[in-house]
Amino acid sequence: MPELPEVETTKRGLAPHLEGRRVKLCEIRQHSLRWPVDADFADKIQGARIQHLDRRAKYLLMQTDKGMAIWHLGMSGSLRIVGGSEPPQKHDHIDWLLDSGQRLRFHDPRRFGALLWITDDIASHELIAHLGPEPLSDDFHGDHLYLASRGRKAPVKSFIMDGRIVVGVGNIYASEALFMAGIRPSTPAGKISRPRYQRLAEAIKTVLASAIEQGGTTLRDFVGGDGKPGYFAQQLNAYGRAGQPCPRCPGTIREQIIGQRNTFFCPRCQR
DNA sequence: CCCGATTCCTGTAGGC
DNA sequence: TGCCTACAGGAATCGG
């Protein structure tokens with residue numbers, strides 16, 4: 001499941017193959033994604049030169065000289081570089097044929113992903129305009145969480161997964177960050193103190209940064225072939241470990257549904 | 001405005 | 001062994 005670290009890993013892996021290249025042809029075999037891909041997308045991007053790859057939240061941005069392509073990997077999407085004559089497999093929905101002879105290939109079994117084309121300012125785009133700060137930037141810190149949470153009754157886990165508060169914290173890393181910070185996921189966001197939010201902000205940064213590092217270890221393989229994210233191999237302390245001993249106290253990890261999402265925590269050391 | 005519930009989709013895991 | 005169902009997950013959107 002692509003969380004922020006995998007999108008960042010994808011961006012870093014693709015950039016050397018895409019930046020400076022021209023899109024000779026775009027093949028769309030499946031238009032029905034999260035939102036329908038524009039009927040004229042292929043025409044719009046044809047002949048465009050890809051200038052720069054960027055990331056905002058979990059959106060992968062590809063700036064060209066004709067407009068900007070915005071990818072979202074949803075929860076099962078992946079982008080990789082394949083050889084120019086490699087035939088598409090099941091769920092390989094979109095190819096961009098590059099002037100290098102290679103193809104950029106989008107694969108997405110569950111079709112929660114998206115591909116958009118915009119020609120106006122990205123910052124004013126509806127999907128981007130209301131997003132919170134990047135978790136790894138200096139704009140994101142404990143005070144931001146503290147101030148934004150006053151008066152909020154939603155569980156802190158839902159709060160940190162709200163992209164208007166901070167982007168890029170998915171279900172897995174929300175549990176992990178709250179575990180690291182020793183905060184119970186069900187606590188109403190408005191009841192958490194300033195110092196505890198400082199710990200939480202640090203935990204979010206630490207967890208995401210280490211996941212990006214882990215993704216980075218498979219960067220070489222990524223381009224070569226299987227596109228499998230490496231960070232799943234990383235040690236998860238709470239997520240998916242219901243019934244197992246807590247890694248840092250004598251407690252036992254418990255599972256609870258919060259905001260319609262599975263949530264894992266230690267009832268003994270997360271208060 | 002705030003927050004919980006619902007929705008899109010299909011591979012995988014678990015139950016019988 | 002094979003069928004069937006439940007579940008997973010990001011995030012927009014709906015309903016209260």
Side-chain angles (χ1 to χ4, degrees), chain A residues 1-11 28-37 55-61 70-79 88-94 106-116 118 124-135 145-178 185-192 204 207-208 211 215 226-229 231-232 234 236 238-243 255-264:
Chain A
M1 298 126 244
E3 298 220 23
L4 184 145
E6 190 184 355
V7 181
E8 180 65 25
T9 299
T10 297
K11 187 201 90 178
I28 302 175
R29 290 174 284 273
Q30 172 62 270
H31 284 261
S32 170
L33 300 179
R34 175 70 170 82
W35 300 288
V37 181
R55 179 188 60 76
R56 176 73 173 103
K58 293 174 188 169
Y59 296 100
L60 181 53
L61 313 176
I70 306 180
W71 296 93
H72 196 293
L73 301 180
M75 58 166 294
S76 62
S78 63
L79 281 167
Q89 309 290 314
K90 195 177 185 187
H91 304 306
D92 284 344
H93 303 313
I94 300 173
F106 178 65
H107 176 88
D108 187 9
R110 297 183 196 174
R111 289 194 272 136
F112 276 29
L115 175 58
L116 307 170
I118 65 166
S124 63
H125 191 275
E126 203 43 41
L127 289 173
I128 306 285
H130 308 291
L131 292 176
E134 288 289 325
L145 291 178
Y146 177 74
L147 294 171
S149 63
R150 294 309 88 186
R152 300 287 201 110
K153 292 179 178 158
V156 62
K157 191 215 177 201
S158 304
F159 178 71
I160 60 171
M161 288 178 67
D162 183 338
R164 292 166 299 186
I165 304 302
V166 56
V167 302
V169 182
N171 197 44
I172 294 171
Y173 294 123
S175 279
E176 290 300 304
L178 287 162
S186 56
T187 311
K191 295 230 160 132
I192 293 174
I204 289 171
V207 163
L208 290 178
D226 68 3
K228 288 264 163 51
Y231 64 83
F232 280 122
Q234 91 167 291
L236 297 174
Y239 188 86
R241 301 177 61 97
E255 184 175 8
Q256 184 186 358
I257 304 289
I258 295 178
Q260 291 72 242
R261 287 286 182 274
N262 264 344
T263 307
F264 298 85

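Quick note on labels: first sequence line is chain A, next is B, and so on, each numbered from 1. Bear in mind that the values here come from a model prediction, so they are computed numbers and not experimental data.
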> Treating Arg150(A) as the side-chain partner and Tyr146(A) as the backbone partner, does any N or O pair qualify as donor plus acceptor under 3.5 Å?
yes
> In terms of side-chain geometry, is the basic nitrogen of Glu134(A) or Arg55(A) positioned less than 4.0 Å from the acidic oxygen of its partner?
yes
> Is the shortest side-chain N/O distance from Arg111(A) to OP1 or OP2 of dT10(B) below 4.0 Å?
yes
> Hey, which of these two, Asn262(A) or His72(A), hits DNA chain C nearer its 5' end, going by closest nucleotide?
Asn262(A)
> Spell out, as yes or no, whether a donor-acceptor pair under 3.5 Å connects the side chain of Ser158(A) to the backbone of Ala154(A).
no
> Check the distance between dT10(B)'s C1' and Gln30(A)'s CD and give it to me in whole angstrom.
12 Å
> Give the rounded distance in Å between these two atoms: CG of Leu33(A) and P of dC9(B).
11 Å
> Categorize Pro188(A) for me: base, sugar-phosphate, or nothing, with a 4.0 angstrom heavy-atom threshold over every strand shown.
nothing
> Could you give the CG-to-P distance, from Asn171(A) to dC7(C), as a whole number of Å?
15 Å
> Base, sugar-phosphate, or nothing for Phe159(A), non-hydrogen atoms under 4.0 angstrom?
nothing
> Name the nucleic acid region contacted by Gly170(A), choosing base, sugar-phosphate or nothing; use a 4.0 angstrom heavy-atom cut-off, strictly under.
sugar-phosphate
> Quiz question: by atom type and distance under 3.5 Å, do the side chains of Asp92(A) and His107(A) form a donor-acceptor pair?
yes
> Nearest whole Å is fine: how far is dC2(B) P from Lys153(A) NZ?
12 Å
> Side chain of Gln260(A), heavy atoms from C-beta onward: which of dC3(B), dT6(B), dG11(B) has the nearest atom to it?
dT6(B)
> Using OP1 and OP2 only, check whether a side-chain N or O of His91(A) sits under 4.0 Å from dG11(B).
yes
> I want to verify a distance call: between dA12(C), dG11(B), dC3(B), whose nearest atom is closest to the Tyr59(A) side chain?
dA12(C)
> Report the distance from atom CZ of Arg261(A) to atom P of dC3(B), rounded to the nearest whole Å.
18 Å
> Expressed as a whole number of angstroms, how long is the span from Leu4(A):CG to dA11(C):C1'?
15 Å
> Whole-Å distance between dA11(C) C1' and Ile160(A) CD1?
16 Å
> Whole Å only: how far is the CD1 atom of Ile172(A) from the P atom of dA11(C)?
13 Å
> If you only use heavy atoms from C-beta on, which nucleotide in dA8(C), dC8(B), dG11(B) is closest to the side chain of Lys90(A)?
dG11(B)
> Are any side-chain N or O atoms of Asp108(A) and backbone N or O atoms of Gly113(A), one a donor and one an acceptor, separated by less than 3.5 Å?
yes
> Does Arg110(A) get its side chain close enough to the base of dA8(C), under 3.5 Å, for a donor-acceptor pair?
yes
